[in-house]
> 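Here it is: the structure, laid out below.
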Amino acid sequence: MTLTGAQILWEALVREGVTDVFGYPGGAILPAYDAMLGYPIRHILVRHEQGATHMADGYARASGKVGVAIATSGPGATNMVTGIATAMMDSSPIVCITGQVGSKLIGSDAFQETDITGITLPITKHNYLVTRADDVAPAVREAFAVARSGRPGPVLVDITKDAQQGTCENVDWDAAEPHLTETYDDALPGDGTAAEAIEFINQAERPLILAGHGVMLSGAEREIAALAERGHMPIAVTLLGIGGVAASHPLNLGMMGMHGEAWVNHAIQEADLLIALGMRFDDRVTGNLKTYAPTARKIHVDIDRAELNKNVRVDVAIAKDLRTALQEWIPAVAQRDRGAWLARIDAIKGDAAVRDIQNLPDNGHLYAAHVINDLWRLTSGNAVVVSDVGQHQMWEAQYYKHDRSRSLITSGGLGTMGFALPAAIGAKVARPDAEVWVVVGDGGFQMTMAELATIAQENLDVNIAIINNGYLGMVRQWQEFFYEKRYAATPLLNPNFAKLAEAFGIRAATVTKRSDVAGAVEAARCQNRAALIDFQVEQEDSVYPMVPAGADLHKMIRRPSPIVETAAD
């Protein structure tokens, strides 16, 4: 049977189990789009190619499958770069397929020619330039294997126009099966052992588990809870680790780091053992490395060997799939009573768990923390929340309590503004029965708000909560704290977001008072179609606590206590 390269592309995608792709057509990818009509794959037409990559990313994070984005050559391909880098930093498995000019034109500066494989080399796990129809199937199938294997990540397949138009007789699909040479879990000299890790755990008086994104990527949610319960050890989570351990679990202390809980950061500094699982000791987590966890021995498990001893030197470094490692550990971990350590953390915590939101009275001003807390309450904590980047992202992490895995999707490592709206589209396509909420700032929303048209065209039930404070809020906060309130280039002149949404046929509301939050949220939830709520919140509110960049982890800026006037005796 003779197939064109374009037909082989779609046949390969079908064989990989792909049912949905996100893309934007153009000249160099047109043969593939023409062939697409003969295959049972849903194409979601985006409004910008960056949106396609974020949608594929959101699809992957919500489902655990590989997301697929498609674009043409030149500007279509370069528009994907930010989304590819986002997926790379957060270990999200996506495959990006781009058209390329004809193979005889490569290097001639032809119309819409760009060396996209060269551009994306540092931000992909691997990429391919395919110039023959015969090579389409092996490249696509290996791309999926690479994207999902080991530490997941993005892969790009660039296919020339003549490779799409060319033909291949009797495609050998067995020969096209990927043959990966990369290996995982192979111990090298100097690696730590399970026995060493278990000995450290059983000896520790003040252990603390640090749970990262790798918990969900390895499917180790049950194992990490079992480890903590067996050893009576508390857990702290990274931003991307939220949901890997239920927020309601009694041993889950909450988020660590720059805007983490104060008692979590103090616990890290007082611990005698850190057990870092599927996290990478990012600078936003550690603060000043010279003073980080000074009394703690450290165990680090990560499937990516490059992360071990990269930022923090550890005592036991294990390059291994996390779930496999924990299954080996659990039977040998001693069941110990660490009540004194947990009591110490409770003493550090005091009333801080509710202090911040109690300090924000319902006094006519609408605070973002109240909006997020109400959203959590009204959705019973069951929504898939896709948050953008900035102050609202940190408030979401603090005030929406996630008990389910893969229920918070956000850009962590790259911090990509504009991520949330398109990523939520991908999440909704992946999980059509889930209640999906976008939590986004007024700045980030305007970066990709054109994707409202995609929501409308696809008739997707995605709810959007804009936390609108009229500023680039997190940048403004830094200017307030460290630049003497010189608000350079951070005030925003915003459109009427409700009218904007209504122009796309999307139901919209504007909320300025807390008493109106519940009604607006419930109205959005019962529509069974997209809705947008513009929450106009307090403009100069800040996220607390905050560890200044490079400062000691325990030296946090706290929310100022309200001034209470008392009558003189």
Side-chain angles (χ1 to χ4, degrees), residues 151 187-215 218 220 223-224 227-228 230-241 244-245 251-258 260 263-322 324-326 328-330 332-334 336 338 341-342 344-345 547 550-554:
R151 179 179 181 176
L188 296 178
D191 283 0
T193 66
E196 291 174 316
I198 292 163
E199 182 181 3
F200 277 14
I201 293 171
N202 289 342
Q203 290 175 352
E205 298 294 331
R206 302 184 306 281
L208 182 59
I209 296 171
L210 308 183
H213 193 199
V215 172
S218 68
E223 285 75 11
I224 195 168
L227 175 70
R230 186 174 179 88
H232 211 210
M233 297 180 289
I235 304 169
V237 297
T238 66
L239 174 64
L240 294 186
V245 179
L251 291 172
N252 187 349
L253 304 180
M255 187 173 71
M256 66 184 88
M258 177 174 282
W263 61 88
V264 174
N265 291 341
H266 281 295
I268 290 172
Q269 296 299 79
E270 294 187 20
D272 65 0
L273 177 67
L274 297 183
I275 309 164
L277 305 176
M279 54 88 74
R280 57 191 182 89
F281 289 112
D282 178 78
D283 61 287
R284 287 295 194 262
V285 162
T286 62
N288 183 1
L289 287 173
K290 293 180 180 179
T291 59
Y292 179 70
T295 61
R297 295 195 288 191
K298 301 173 184 70
I299 301 168
H300 191 184
V301 182
D302 200 291
I303 199 167
D304 186 356
R305 182 179 296 278
E307 293 295 344
L308 302 176
N309 290 310
K310 184 179 80 173
N311 296 326
V312 172
R313 299 293 300 179
V314 301
D315 300 277
V316 179
I318 299 176
K320 200 176 190 70
D321 171 69
L322 181 57
T324 303
L326 295 185
E328 293 176 0
W329 292 7
I330 291 169
V333 170
R336 289 195 51 183
R338 293 188 167 95
W341 172 225
L342 296 174
R344 168 59 183 159
I345 296 173
V547 181
D552 299 345
L553 189 61
H554 57 283

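Computed from a predicted model, the values in this text were never measured in an experiment.
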> Excluding sequence neighbours, so at least two apart, what forms side chain to side chain contact (heavy atoms under 4.5 Å, CB included) with Asp552?
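Only Asn288, Thr291, His554, Lys555 meet the side chain to side chain contact (heavy atoms under 4.5 Å, CB included) criterion with Asp552.
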
> Taking only residues two or more places apart in sequence or in another chain, which ones pass ring pair (Phe, Tyr, Trp, His ring centres under 6.0 Å) with His213?
none

> I need the minimum non-hydrogen distance between Glu270 and Thr295, along with the two atoms involved.
O-OG1, 3.9 Å

> Please enumerate all residues that pass salt bridge (charged side-chain N to carboxylate O under 4.0 Å, His left out) together with Glu307, with sequence neighbours excluded.
Arg151, Lys310

> Before accepting this row, confirm whether a basic side-chain N of the pair Arg336/Glu205 lies closer than 4.0 Å to the acidic partner's carboxylate O.
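Answer for the salt bridge query: yes.
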
> Looking at Thr286 and Leu289, would you say the former's side chain and the latter's main chain have a donor-acceptor pair under 3.5 Å?
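Here the side-chain-to-backbone pair does not exist.
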
> Is there a donor-acceptor pair under 3.5 Å between the side chain of Asn202 and the backbone N or O of Val333?
no

> Hey, mind stepping through Ile318 and Trp329 against side-chain contact (heavy atoms from CB on, under 4.5 Å) and telling me if it holds?
CA-CA 12 Å; Ile318 299 176; Trp329 292 7; 4.0 Å; yes

> Determine the minimum heavy-atom distance between Leu208 and Ala271, stating which atoms define it.
CB-CB, 4.3 Å

> Using every non-hydrogen atom in the two residues, find where Ile235 and Ala228 come nearest and quote the distance to one decimal.
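Distance-wise, the nearest heavy atoms are CD1-CB, 3.5 Å.
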
> Go through the steps for Arg305 and Asp191 under the test salt bridge (charged side-chain N to carboxylate O under 4.0 Å, His left out), then give the verdict.
CA-CA 10 Å; Arg305 182 179 296 278; Asp191 283 0; 2.9 Å; yes

> List the atom of Ala267, the atom of Leu253, and the distance in Å for their closest heavy-atom pair.
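Heavy atoms only, the tightest pair is CB-CD1, 4.5 Å.
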
> Quick one: list whatever passes side chain to side chain contact (heavy atoms under 4.5 Å, CB included) with Glu223, sequence neighbours left out.
Ala220, Arg323, Leu326, Gln327, Ile330

> Can you name the nearest heavy-atom pair linking Phe200 to Arg297, along with the distance?
CE1-NH1, 3.3 Å

> For Arg313, enumerate each residue passing the side chain to side chain contact (heavy atoms under 4.5 Å, CB included) test, keeping only those at least two apart in sequence or located in another chain.
Asn309

> Please enumerate all residues that pass salt bridge (charged side-chain N to carboxylate O under 4.0 Å, His left out) together with Asp272, with sequence neighbours excluded.
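Expected list: none.
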
> What I want to find out is whether Asp282 reaches Arg284 closely enough, with some N-O distance under 4.0 Å, to be called a salt bridge.
no

